[in-house]
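Reviewing the structure listed below.
Sequence lines set the chain letters: A, B, ... in the order given, protein chains first and strands last, and positions in each chain run from 1.
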There are 2 protein chains.
Amino acid sequence: MTAPSFPITEIVASRRPHRKDAARNYDALLAAAREAFAEHGSEASLEDIARRAGVGIGTLYRNFPTRRHLFETVYADDVNTLVQVAQELADQEPWQALTAWLDRFAGYMVTKRAVREALNDESEIFAACRESMYAAGGPLLERAQEAGQARRDMDFVDLLRMVAGITATAFDDDVQRDRVLSIALDGVRVSR
Amino acid sequence: MTAPSFPITEIVASRRPHRKDAARNYDALLAAAREAFAEHGSEASLEDIARRAGVGIGTLYRNFPTRRHLFETVYADDVNTLVQVAQELADQEPWQALTAWLDRFAGYMVTKRAVREALNDESEIFAACRESMYAAGGPLLERAQEAGQARRDMDFVDLLRMVAGITATAFDDDVQRDRVLSIALDGVRVSR
DNA sequence: ACTCTAGCGGAGGCACGCCTCCGCTTCAAC
DNA sequence: GTTGAAGCGGAGGCGTGCCTCCGCTAGAGT
């Protein structure tokens, strides 16, 4: 595990083209891709994404030479948001900060379907994203552990997998999903 | 919610053809389908399934007119096993019986990828399978609740969704998966 | 305003999956 | 052993997705 060789923060910005029309298309593609990946997982049809973006398939391929480039970019963008959120929670009460972040994690990821795939992908960028996310969220768990609020026999990766798994499942409604999630988190909490 | 109009137990048997070669092909198709669904989810290629079974694509379609027929049959077969397991656990200590069954549930389902899809599918057969499973497993939770070992503010469906979600996620190894699962189940347990 | 080049779109070739159809094969009943 | 029908398999037509290539368009710099 080495530190990422480039800041996640800049992936989206650095690839965005300069010309006005090109930049507009780039944004439309990212938005369309986020939507399509959310619906169909990372195997969503690229032609469909181009269609949704109102752009020719050629334009998609010029901006993102492979499916992976596109997926990585969307994903990195979301991870970046999560990292910021973690920083903003630094001054809250430990257990509440942790659960608040996990809530964002549950909702914010590219797509429920794709989270699981990305969490285990080996590519450099995905690895870098995981590093950033662990670096940002890990301390939230450690803080809760030091405060005696979270059990010590699990690590942050365990926790993310648990939350990702539960949120990836279909529920009757949000109420049921939240109930199940909070029950599972009760298992993480040190019994009072 | 009405009772299923036919016994789950007989779906596989009733569809199995009589002629010797035909029955052999039928079995090979089921085995190949179970394997393929496990790898690729319920969208696995039917031509690939026929290939794995060493059978022409026409034979697949004769036995299973639609993808759904095939998927339902494999699924019903597994549910059937789970129902039997639940009955065998009836004489064990409540909490242990429940977790033992959930363990089987986690491992036995057609495929981790497909469980989630099937758990929310609306077709008659899937609904019947769910009914059977709830009827078989539900009492295990109720027994644990009455013994004061499981919390009362959740139902069996919540529990299955939780376990299905967690087991559907990729983990580094079985040890990690079991650890996470048991942490989540600690949330279900009434604190001693 | 002019230019020139970055950027555009989509036609088209390839691969693959779906499903039907029908001439051939093999079982099993007699 | 004969025979009829149940069962077989895969060719082929259709649709869809992948990706490349190239003639056209429109933004940016002068």
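Between Ser45(A) and dC18(D), a side-chain N or O to OP1/OP2 separation shorter than 4.0 Å is present. Side-chain N/O atoms of Asn25(A) include one lying less than 4.0 angstrom from OP1 or OP2 on dC8(C).
Between Arg189(A) and Gln149(A), the side chains place no donor N or O within less than 3.5 Å of an acceptor N or O (distance only, hydrogens not considered).
Note: CG (Leu29(A)) to C1' (dG9(C)) measures 12 Å, nearest angstrom. For the pair Tyr26(B) OH and dC8(D) C1', the computed distance is 18 Å after rounding to whole Å. When rounded to the nearest whole Å, the span between CD of Glu47(A) and P of dG15(D) equals 15 Å. Rounded to an integer number of Å, the gap from CG of Leu46(B) to C1' of dG10(D) is 15 Å. Phe64(A) has its CZ atom 13 Å from the P atom of dG7(C), to the nearest Å. Nucleotide dC19(C) holds its C1' atom 18 Å from the CZ atom of Arg68(B), rounded to whole Å.
Residues that satisfy the salt bridge (charged side-chain N to carboxylate O under 4.0 Å, His left out) test with Arg19(B), not counting sequence neighbours, are Asp21(B).
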Contact letters for nucleotides 25-30 of chain D, in which S counts primed atoms plus P, OP1 and OP2 and B counts the base, heavy atoms under 4.0 Å: --SS--
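Looking at heavy atoms from C-beta onward, Leu98(A) lies out of side-chain contact with Arg143(A) at the 4.5 angstrom threshold. In this structure, the side chains of Met133(A) and Leu160(A) come closer than 4.5 Å at one or more pairs of heavy atoms. The shortest side-chain heavy-atom distance between Asp186(B) and Asp186(A) does not fall under the 4.5 Å cut-off. Between Arg130(A) and Val157(A), the closest side-chain pair of non-hydrogen atoms is not below 4.5 Å.
Ring geometry for Phe126(A) versus Phe71(A): interplanar angle of 30 to 60°, hence tilted. In this pair, Phe64(A) and Tyr26(A) present their aromatic rings parallel. The plane angle is below 30°, not in the 30 to 60° band.
Residue whose closest nucleotide on DNA chain D sits further toward the 5' end, between Val55(B) and Arg67(A): Val55(B). Taking the nucleotide of DNA chain C with the nearest heavy atom to each of Asp48(B) and Ala23(A), the more 5' of the two is matched to Ala23(A).
Of the residues in residues 56-63 of chain B, those placing a heavy atom less than 4.0 Å from an atom of DNA chain D are Gly56(B), Ile57(B), Gly58(B), Thr59(B), Arg62(B), in numerical order.
The salt bridge (Lys or Arg N to Asp or Glu O under 4.0 Å) test with Asp77(A) is passed by exactly one of Arg15(A), Arg16(A), Arg34(A): Arg34(A).
With dC8(D), dG9(D), dG7(C) as the candidates, the nucleotide lying closest to the side chain of Pro17(A) is dG7(C).
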